[in-house]
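All of these numbers come straight from a predicted model, not from anything done at the bench.
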Amino acid sequence: MYKKPVRPVLLVIAHGSRDPRHAAAVHALVRRVRSMRPGVRVETGFLDFNIPSVQGVLESLAAEGVRDVVALPLLLTRAFHAKADIPAVLRDAPPQLRIRQAEVLGPSPLLLSALERRLYEAGLTPADKSSTGVVLASAGSTDPEAIAVIAAIAREWRRTGWCAVRPAFASAALPRTEDAVRELRFLGCSRVAVAPYVLAPGFLPDRIARGAAEADVLADVLGPSPEVARVLLERYDEARVPALAVVGA
């Protein structure tokens, strides 16, 4: 008898943080994902600082008899965690699990929509775009690929009508947020807004906020916005097709 293919479990892998706001934002995002796709089981695992750990979730799933898992890095760029840390953890998973690592969330047009949503929630309007310079402020990375992606996103976003868009980084790369704010002032933008390109609050987003002291507008982190949840499900769908298993005969 033919049975419907089993949908893989979606395991969202977050970095983790000592800051409790980080885990709270991750869990809020996962709740939104569950509400948007109630037929999919969604679990959360953390690489560090928070529980449950990724390894612990994988072991629990294997003990339950789960076979197919899509592991989705809750990351905006393909930097060290996506290329090294997460694959290493997944290699140590119980052997009975069939795991596919999904792509990171960015870049995506939906994430640009989420950034604009946060800027409008902070007080801007679409009519302000042509006179507003935006700092696209990310956490930063030592990975040249990740830095290049942020720069490319800034160029793409500029073409949607902003006065100017400049990338900035809270760590590991330059310029810093405050320097990008000053550059946009020098360029003559009537107002300057800072859009944190980060998923959850924490140490580096706080550094971005301090760097935005001279800006006119500081948007919130992306957090559990509906656009981010949609990207998450897109990445799951892209990864799940080869992982489908037909049960029964």
Side-chain angles (χ1 to χ4, degrees), residues 10-19 21-23 25-26 29-30 44-50 53-55 58 70-93 99-112 114-115 118 134-157 165-177 179-180 194-209 211 221-225 227-229 231-232 234-236 238-239:
L10 170 54
L11 172 57
V12 176
I13 300 179
H15 183 274
S17 171
R18 292 185 179 90
D19 189 324
R21 297 174 298 166
H22 173 88
V26 171
L29 175 59
V30 168
T44 308
F46 294 90
L47 291 173
D48 207 353
F49 301 117
N50 302 103
S53 68
V54 176
Q55 187 65 28
L58 292 171
V70 169
L72 194 153
L74 198 61
L75 301 168
L76 295 171
T77 59
R78 275 184 50 77
F80 182 78
H81 294 302
K83 295 177 178 178
D85 284 356
I86 292 175
V89 172
L90 298 181
R91 282 195 296 270
D92 290 336
I99 303 174
R100 293 185 64 84
Q101 182 176 328
E103 289 296 327
V104 297
L105 301 184
S108 166
L110 284 169
L111 294 177
L112 288 181
L115 287 166
R118 293 303 189 220
V134 179
V135 178
L136 179 68
S138 75
S141 173
T142 57
D143 189 310
E145 178 187 350
I147 298 302
V149 166
I150 299 301
I153 292 170
R155 289 192 298 271
E156 178 184 352
W157 202 15
V165 179
R166 293 291 186 270
F169 307 94
S171 68
L174 297 173
R176 294 287 183 258
T177 301
D179 297 325
V194 174
Y197 190 59
V198 292
L199 288 166
F203 175 76
L204 292 178
D206 284 349
R207 181 180 288 177
I208 290 171
V221 299
L222 295 173
S225 63
E227 296 88 353
V228 175
V231 176
L232 217 148
E234 282 185 359
R235 298 292 181 258
Y236 169 76
E238 291 162 1

Salt bridge Asp143-Arg78, side-chain N to carboxylate O under 4.0 Å: no
Grab the two heavy atoms, one from Ala172 and one from Gly140, that are nearest each other, plus how far apart they are. CB-C, 4.4 Å
Taking only residues two or more places apart in sequence or in another chain, which ones pass side-chain hydrogen bond (donor to acceptor under 3.5 Å, both in side chains) with Asp206? Arg21
Between the OG atom in Ser225 and the CG atom in Leu29, the distance rounded to the nearest 0.5 Å is 7.5 Å
Once the angle between the rings of His22 and His15 is folded into 0 to 90°, is it parallel (under 30°), tilted (30 to 60°) or perpendicular (over 60°)? perpendicular
With sequence neighbours excluded, residues passing side-chain hydrogen bond (donor to acceptor under 3.5 Å, both in side chains) with Glu227: Arg117
Residue pair Arg91 / Pro87, side-chain heavy-atom distance below 4.5 Å: yes
Could you tell me whether a side-chain N or O of Arg118 sits under 3.5 Å from a main-chain N or O of Leu222, the two making a donor and an acceptor? yes
Straight-line distance of Ser138 OG to Ile147 CD1, nearest 0.5 Å: 6.0 Å
Note: Ser17 and Asn50 closest approach over all heavy atoms is N-OD1, 2.8 Å
How would you list all residue pairs meeting side chain to side chain donor-acceptor pair (under 3.5 Å) that involve residues 165-175, not counting sequence neighbours? Arg166-Glu183
Between Ile86 and the options Leu75, Val104, Val54, the side chain to side chain contact (heavy atoms under 4.5 Å, CB included) test singles out Leu75
Which atom names give the shortest non-hydrogen contact between Ala239 and Val70, and what distance separates them? CB-CG1, 3.8 Å
Note: Ala23 and Phe46 closest approach over all heavy atoms is CB-CZ, 4.1 Å
Please evaluate residues Ile13 and Leu90 with respect to the criterion side-chain contact (heavy atoms from CB on, under 4.5 Å), reporting the C-alpha separation (whole Å), side-chain torsions for both, the decisive distance (0.1 Å), and the verdict. CA-CA 11 Å; Ile13 300 179; Leu90 298 181; 4.2 Å; yes
Can you check side-chain contact (heavy atoms from CB on, under 4.5 Å) on Thr44 and Leu74, steps first, answer last? CA-CA 10 Å; Thr44 308; Leu74 198 61; over 6 Å; no
Distance (rounded to the nearest 0.5 Å) between Arg155 CZ and Ile150 CD1: 11.5 Å
Rounded to the nearest 0.5 Å, what separates atom CH2 in Trp157 from atom CG in Leu136? 6.0 Å
Can you name the side-chain hydrogen bond (donor to acceptor under 3.5 Å, both in side chains) partners of Glu234, sequence neighbours left out? none
Consider side chain to side chain contact (heavy atoms under 4.5 Å, CB included). Of Leu111, Leu105, Val26, which one does Leu199 pass it with? Leu105
Could you tell me the separation between the OH atom of Tyr197 and the CG atom of Leu76, rounded to the nearest 0.5 Å? 4.5 Å
Start with the C-alpha gap between Val228 and Val231, add the side-chain angles, then the distance that decides, and say whether side-chain contact (heavy atoms from CB on, under 4.5 Å) holds. CA-CA 5 Å; Val228 175; Val231 176; 5.7 Å; no
Sidechain-backbone polar pair: Gln55 side chain, Asp92 backbone, donor-acceptor under 3.5 Å: yes
Got a sec, which residues hit side-chain hydrogen bond (donor to acceptor under 3.5 Å, both in side chains) with Asp179, two or more places apart in sequence or on another chain? Arg182
If I compare all heavy atoms of Gly45 with all of Leu11, which pair ends up nearest, and what's the gap? N-CD1, 3.7 Å
All side-chain contact (heavy atoms from CB on, under 4.5 Å) counterparts of Pro109, not counting sequence neighbours: none
Please name the pair of heavy atoms, one in Ala137 and one in Val194, separated by the smallest distance, quoted to 0.1 Å. CB-CG1, 4.1 Å
